[in-house]
Protein chains: 2
Amino acid sequence: MPTLDSSTRDRIVTAATSLIMERGYDKTTMRAIAERAEVSLGSTYYYFGGKEELVQGFYLRIARETCARASAAMDGVTSFSKRLDACFEAFMDTSEEYRPIADSLLSLAIVPSSPLSPFSDQSRPARDLFLSMYVDMIDGSDLKTDSRLRQALPDLLWSVQMLITLGWVQDLSPGQRVTRTIVARLAPSLSRLLSLVRLAPFRPFVDDALEGLAIVKTGRETRAHVGV
Amino acid sequence: MPTLDSSTRDRIVTAATSLIMERGYDKTTMRAIAERAEVSLGSTYYYFGGKEELVQGFYLRIARETCARASAAMDGVTSFSKRLDACFEAFMDTSEEYRPIADSLLSLAIVPSSPLSPFSDQSRPARDLFLSMYVDMIDGSDLKTDSRLRQALPDLLWSVQMLITLGWVQDLSPGQRVTRTIVARLAPSLSRLLSLVRLAPFRPFVDDALEGLAIVKTGRETRAHVGV
DNA sequence: GCGGCGACTTGAACACGTTCAGATTCGGTG
DNA sequence: CACCGAATCTGAACGTGTTCAAGTCGCCGC
């Protein structure tokens with residue numbers, strides 16, 4: 001029964017994932033991973049570049065679980081505010097499970113040159129999943145807004161999500177209650193803001209913000225082109 | 001002439017600082033620091049808890065230099081927008097010097113339980129310096145705004161500054177041109193936003209935002225009280 | 001002078017992530 | 001079967017941050 005369909009590679013990543021969830025990232029040693037996976041220490045380095053690479057799997061897991069929860073919660077709901085809230089809540093609920101290792105993960109993810117950066121190529125699958133979640137959320141909603149803004153919205157909301165994560169990690173209140181409180185208020189606030197911003201007097205502000213976003217985006221693309 | 005007034009402690013921190021600036025944080029070994037400071041490896045651990053503690057000094061250096069530049073640039077200027085911009089530019093100019101080690105520093109600072117967290121007690125001196133910079137900036141300006149908002153503004157601007165840092169580290173464009181472009185637009189935008197927000201229809205939004213800020217602040221205080 | 005105590009210093013030793021030169025396995029070819 | 005080359009695997013060894021038991025020094029009370 002055991003070790004039937006599981007290749008060495010899978011065994012290692014399984015061992016790493018379970019150990020990291022049990023003890024945390026720092027206290028999980030490569031030797032312990034190798035032992036649980038029943039391979040030598042050297043073999044783990046044959047399949048993976050290093051310890052960091054062994055946490056890549058977490059991203060996709062979190063993205064998938066968030067999307068599943070969100071789409072379930074959005075079923076039959078058309079209110080933009082409520083759909084957005086469902087996405088945020090889904091993300092918070094999913095993240096909660098990984099809170100014990102969040103510090104270590106963020107510490108790795110914050111380094112721009114790391115493959116674990118949320119902007120990296122390796123993170124693209126997870127990132128795209130989140131973006132499609134927000135696209136679905138918007139498309140199924142009653143949101144009425146400027147088409148340029150609508151187009152930029154998934155990126156913007158993904159950025160908001162990243163900032164939420166940042167605050168959530170810093171939030172040491174029990175159960176991250178502060179962050180949850182703020183996040184619960186966020187969807188209605190953003191929803192109202194988007195309605196408000198349709199009015200003519202806000203044109204310059206919207207233009208300003210969208211232009212800023214465009215600068216960031218092209219900056220990122222040209223960098224990718226140069227290939228740092 | 002040498003080693004006249006310099007205690008062992010100072011020699012170590014000097015050696016560490018210079019080596020980190022030369023080679024970066026990761027490539028600076030504790031053994032190299034001990035060697036340059038002309039002490040044994042063990043002694044460095046007698047005076048400092050570990051490698052991380054040796055970068056504490058950078059915070060205050062950056063804060064002091066930023067304040068100096070900002071107050072020079074604000075001299076005689078009363079326009080809020082221009083004074084704010086002076087602070088932002090001062091911070092960017094100062095940070096530039098430390099860009100090579102920014103990744104490592106941020107990676108350490110992002111961990112909430114670390115003494116290097118910008119919210120930690122150990123970081124208070126640097127944080128207070130920045131806050132006083134923004135207080136001076138506001139007090140010497142022609143800003144007219146709600147008194148509650150005025151009171152919250154230093155904290156808000158410090159948070160903005162943290163977010164700028166975050167983006168600046170992620171910004172891989174040459175010379176961090178993207179961040180500089182965004183930051184250059186930020187002061188006028190925020191200034192206009194603050195004017196706009198004085199109008200009656202925006203009351204609920206301001207209240208919302210200030211209440212959110214209050215939640216975060218009290219959350220932080222109660223945490224400090226419990227003493228995690 | 002002497003004993004002792006606290007501040008300071010030391011380098012060996014530990015556990016860790018990582019590397020590497022070689023050993024082993026295995027599918028295919030003559 | 002014999003042999004080869006590539007894929008896979010191995011554990012010793014390296015450099016690192018950190019710990020610690022032991023050593024050294026200076027000063028105070030007697």
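Chain letters run A, B, ... following the sequence lines, proteins first and then strands; every chain starts at 1.
- Residue-level contact check: B:Gly42 touches the bases, meaning some heavy atom is under 4.0 Å from a base atom.
- Atom C1' of nucleotide C:dG11 and atom CD of B:Glu35 are separated by 14 Å, given to the nearest angstrom.
- Annotation for B:Ala187 and B:Ser81: closest pair CB-O, 3.6 Å, computed over non-hydrogen atoms.
- At a threshold of 4.5 Å between non-hydrogen side-chain atoms, the residues B:Phe48 and B:Arg9 count as touching.
- The separation between A:Glu52 atom CD and C:dT18 atom P is 7 Å, rounded to whole Å.
- For C:dT10, the OP1/OP2 oxygens have a side-chain nitrogen or oxygen of B:Ser43 closer than 4.0 Å.
- Rounded to an integer number of Å, the gap from B:Ile33 CD1 to C:dG11 P is 17 Å.
- For A:Phe48 and D:dT8, the CZ to C1' distance is 14 Å, given to the nearest whole Å.
- Mapping A:Ser40 and A:Arg31 onto DNA chain D by nearest heavy atom places A:Ser40 closer to the 5' end of the strand.
- Heavy-atom minimum distance, B:Thr28 versus B:Leu19: OG1-O, 3.2 Å.
- Side-chain nitrogen and oxygen atoms of A:Thr8 include none within less than 4.0 Å of the OP1 or OP2 phosphate oxygen of D:dT8.
- OP1 or OP2 of D:dT18 lies within a sub-4.0 Å distance of a side-chain N or O belonging to B:Tyr45.
- B:Thr44 comes within 4.0 angstrom of nothing in the nucleic acid, heavy atoms only.
- We find that CD1 of B:Ile12 is positioned 14 Å from P of D:dT18, with the value rounded to whole Å.
- No donor-acceptor distance shorter than 3.5 angstrom exists from the side chain of B:Arg31 to the backbone of B:Leu41, with no hydrogens or angles considered.
- Taking atom CG on A:Leu108 and atom C1' on C:dG17, their separation rounds to 13 Å, with Å as the unit.
- Atom-to-atom, CG of A:Leu41 to P of C:dG22 comes out at 19 Å; the value is rounded to the nearest Å.
- B:Tyr47 comes within contact range of the sugar-phosphate backbone alone, with a heavy-atom separation under 4.0 Å but no base atom that close.
- Using a 4.0 Å heavy-atom distance criterion, B:Thr29 is classed as a sugar-phosphate-only contact.
- Here the shortest heavy-atom pairing between B:Val169 and A:Pro112 reads O-CG, 3.1 Å.
- When the C1' atom of D:dC20 is taken as reference, atom OH of B:Tyr46 falls 14 Å away, rounded to whole Å.
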